[in-house]
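Accompanying notes for the structure given below.
Bear in mind the structure is a predicted one, so any value in this text is a computation, not a measurement.
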Amino acid sequence: MKLPAPPTAQSFRSPLHHPRVATVLGRWLGVAVLVCFLTGLFSHFQQESPAWLHIPTRPASLYRVTQGLHVLSGTVAVPLLLAKLWTVYPKLFEKPTLKTLLERLSILVLVSALALELFIGYLNTLQWYPWPFPFKQTHYALGWIIVGALLVHIAVKIPVIQWRKEPLPPATTDLTRRGLFRTVAGAATLVGITSVGQSAPPLGPLAVLAPRKPDVGPQGLPVNRTARDAGIDPLTASWRFTVVGPQQLSYTLDQLRQLPQNHSKLPIACVEGWSQGAHWEGIRIRDLLHLCGAPASSRVRVVSMEKGGFYATSELPPQFAADPLTLLALRLNGSELALDHGFPARIIAPNRPGVLQTKWVHRLEVLA
Amino acid sequence: MRARIMLGATGVGLGLWGLWLLLSVLEPRALFHLPLWLGGAVVADDALLVPLIIVLSVVVTHHIVRTTLLYVGITTLLAIPLLLRQGKGANPTILPRDYLRDWLLLEAIIIATGAAVFLFQRFTFNRSRASSDDIGGR
């Protein structure tokens, strides 16, 4: 039996495989990738702040917006990437020359890294990790590789991007260039609308493709790490909250409740994209610093009762410790903190990723 | 040309920085597996998803039907992990929906919308033909 000949670049007759179409879709995908990269970088620096970087505490919802955008742009990039790959698909069957071989290598890097990045990023929002490499480090490194390969790709393609004179070949189907763009924009919008509700609670009911509903969880707030996962033991009568500073302070839970309480309306915004606003009640960190004789602008280490894990301790940079919105929260949405939200006490601060809003706190250490 | 070379060189630099990050944090086992997963991502796109779209766009020529099927496809692609992991979340606040019901509902809405647009266009097309002089479409 004779097999049919493999396709060549000429087998694909649709004029929509034209470079002018690829340029437009490439721009859309490029914008999504850029937004995703910059918001991802911001999230990375939030968690691993280099000494030279001063992260502001306002706007209080900044991280909520940037991380919501990170997951949204990544999700929307899925249909955009598929559309872009579809337009340039005939190129895959062109005979390679030495000159195009290098270019193809850069495209292979770009496509493989971007496709895997979107895949592992999406699965991370479900907390599903079926691959044998660490998510966070790989996701971060691939981000740099994608942006690097994208710049190389743009540098190679600048003559094609700038070349607009040649008319498009005649249409062979009823789908026009505009029609294709409308279809792709529609797919991106559809995917966006059915997932953005995990970060924007008013759209929550529509978010059928989102792994979170922002109002589902104890006290109307989702949970990432439960008390059981964190190995939290039940509180005993001997439990004390301590502050280690110029003076040592030690409080029972009742004594903590007697200290001046303040209110903050702040969102919990997770690295995985979901977020939800909440009312918190507790003691200002700067009041505790004042009580122990430390300046309000002190760097503070927050120590949790969590057993193990990357986030058993966190550090509050001076500007966050001094902010009047930053609390050692004891109450959430009108009642005592649920165990899964960090009972008896947790940190809540403006413009910070959820993983740094340390739960089950039992000690603060003034560092400087 | 100079700008192009600068842009390309910056790109190579950033890419190498990413590669160095990978090499410095990943264990040998992970470094061995990562290229396999990268290759798998390309195969999934270039040997499965894009050919599927190509076949679909060749077989289905009516653009409303085609767009409807593409929308069903892309939303289903994103729904697959949710459906697979339903009930297996690390805690009850992860994947709290009935994703099977919601996915079926979403596809039903997409198909119903596609059908409505299809019928509407057919109706207005017939009317415009009937009201014009060239009855019979000639």
Side-chain angles (χ1 to χ4, degrees), chain A residues 12 14 75 78-79 81-82 85-86 89 92 108-109 111-113 115-116 119 122-123 126-128 131-134 137-138 140-145 147-156 158 173-175 179 183 186-187 190-191 194-195 208-209 211-213 216-217 222-223 226 229 340, chain B residues 3-5 7-8 10-19 21-22 25-27 29-31 33-34 37-42 44-46 49-50 53-54 57 61-63 66-67 70-71 74-75 77-79 81-82 85 88-97 99 102-103 105-106 110:
Chain A
F12 303 91
S14 168
T75 312
V78 175
L81 174 64
L82 285 173
L85 289 179
W86 176 83
Y89 197 62
L92 199 61
L108 179 68
V109 172
V111 173
S112 62
L116 186 64
F119 177 71
Y122 184 60
L123 259 53
L126 282 68
Q127 294 197 12
W128 186 21
W131 46 77
F133 40 84
Q137 292 86 337
T138 311
Y140 179 63
L142 284 180
W144 286 104
I145 293 177
V147 168
L150 182 60
L151 291 185
V152 172
H153 184 55
I154 293 171
V156 171
I158 277 179
T173 64
D174 61 339
L175 187 61
T183 302
L190 182 63
V191 161
T194 47
S195 64
V208 292
L209 295 181
R212 297 282 194 159
K213 255 176 123 171
V216 168
V223 172
T226 59
D229 292 341
D340 282 343
Chain B
R4 279 179 74 193
I5 291 170
L7 194 64
T10 312
V12 172
L14 294 184
L16 288 176
W17 162 245
L19 183 65
L21 283 174
L22 278 182
V25 295
L26 261 55
E27 309 269 319
R29 195 178 94 89
L31 275 177
H33 280 281
L34 186 60
W37 281 76
L38 286 165
V42 175
D45 283 328
D46 282 349
L49 294 173
V50 178
I53 300 173
I54 295 208
S57 50
T61 51
H62 194 286
H63 76 274
R66 189 171 44 206
T67 302
L70 283 172
Y71 288 2
I74 187 71
T75 47
L77 180 70
L78 287 175
L82 303 167
R85 297 295 291 175
K88 292 179 194 155
N91 74 62
T93 70
I94 304 172
L95 300 168
R97 287 174 178 273
Y99 287 95
D102 287 357
W103 170 67
L105 201 65
L106 177 62
I110 293 172

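In this structure, chain B has a heavy atom under 4.5 Å from the side chain of A/L190, while its backbone stays farther away. Residue contact with chain A, scored on non-hydrogen atoms closer than 4.5 Å, involves the side chain of B/L106 exclusively. In this structure, no portion of A/L150 lies under 4.5 Å from any heavy atom of chain B. With a 4.5 angstrom heavy-atom cutoff, A/D340 does not touch chain B via any of its atoms. Looking at B/L34, both its backbone and its side chain come within 4.5 Å of chain A, counting heavy atoms on both sides. Within the 4.5 angstrom heavy-atom criterion, atoms from both the backbone and the side chain of A/P79 approach chain B. Contact of A/T183 with chain B is made through backbone and side chain together, with heavy-atom distances under 4.5 Å. With a 4.5 Å cut-off on non-hydrogen atoms, A/L209 touches chain B through its backbone and its side chain both. Residue B/L78 touches chain A through both its backbone and its side chain, counting heavy-atom pairs closer than 4.5 Å.
Nearest approach of B/Y71 to A/G186, heavy atoms of both residues: OH-CA, 3.1 Å. Heavy atoms only, all atoms of each residue included: B/G11 and A/L151 are closest at CA-CB, 3.7 Å. For the residue pair B/Y99 and A/R212, the shortest heavy atom distance occurs at OH-N, 4.1 Å. Heavy atoms only, all atoms of each residue included: A/V223 and B/I94 are closest at O-CG1, 4.5 Å.
Side chain of B/D45 to main chain of A/L85: no donor-acceptor pair is present (N/O by atom type, distance under 3.5 Å, no hydrogens or angles).
With a 6.0 Å radius and a threshold of 12 heavy atoms from other residues, nucleotides or ligands, B/W17 has its CH2 atom at or below the threshold.
For the options B/L31, B/L26, B/I54, B/L19, heavy-atom pairs under 4.5 Å to chain A are most numerous at B/I54. Of the listed residues B/A79, B/P96, B/G8, the one with more heavy-atom pairs under 4.5 angstrom with chain A than any other is B/P96. Counting heavy-atom pairs closer than 4.5 Å to chain A, the top-ranked of the candidates B/D46, B/T75, B/L77 is B/D46. Options B/T67, B/L21, B/L82, B/D102 differ in how many heavy-atom pairs under 4.5 Å they form with chain A, and the most are formed by B/L82. With respect to chain B, the highest number of heavy-atom pairs below 4.5 Å among A/L126, A/V191, A/T138 belongs to A/L126. With respect to chain A, the highest number of heavy-atom pairs below 4.5 Å among B/V12, B/I5, B/V25, B/I74 belongs to B/I74. Here A/Y122 is the residue among A/W131, A/F12, A/Y122 with the most heavy-atom pairs under 4.5 Å with chain B. Annotation: maximal heavy-atom pairing with chain B below 4.5 Å, among A/L82, A/L116, A/L108, occurs at A/L116. When A/P132, A/S195, A/G217, A/P134 are compared by the number of non-hydrogen pairs under 4.5 Å with chain B, A/P132 comes out ahead. Listed options B/V42, B/N91, B/L105 were ranked by heavy-atom pairs under 4.5 angstrom with chain A; first place goes to B/N91. Counting heavy-atom pairs closer than 4.5 Å to chain B, the top-ranked of the candidates A/K213, A/Q137, A/Q127 is A/K213. Each of A/F119, A/W86, A/F133, A/W128 has some count of heavy-atom pairs under 4.5 Å with chain B, and the biggest count is that of A/W128.
The CG atom of B/L22 sits 5.5 Å away from atom CG of A/L142, with the distance rounded to the nearest 0.5 Å. If you take CG on B/L49 and CG on A/L81, they are separated by 9.5 Å, rounding to the nearest 0.5 Å.
For the pair A/Y89/B/I53, no side-chain contact is recorded, criterion being any heavy-atom separation below 4.5 Å from C-beta on. Looking at heavy atoms from C-beta onward, B/T93 lies out of side-chain contact with A/T226 at the 4.5 angstrom threshold.
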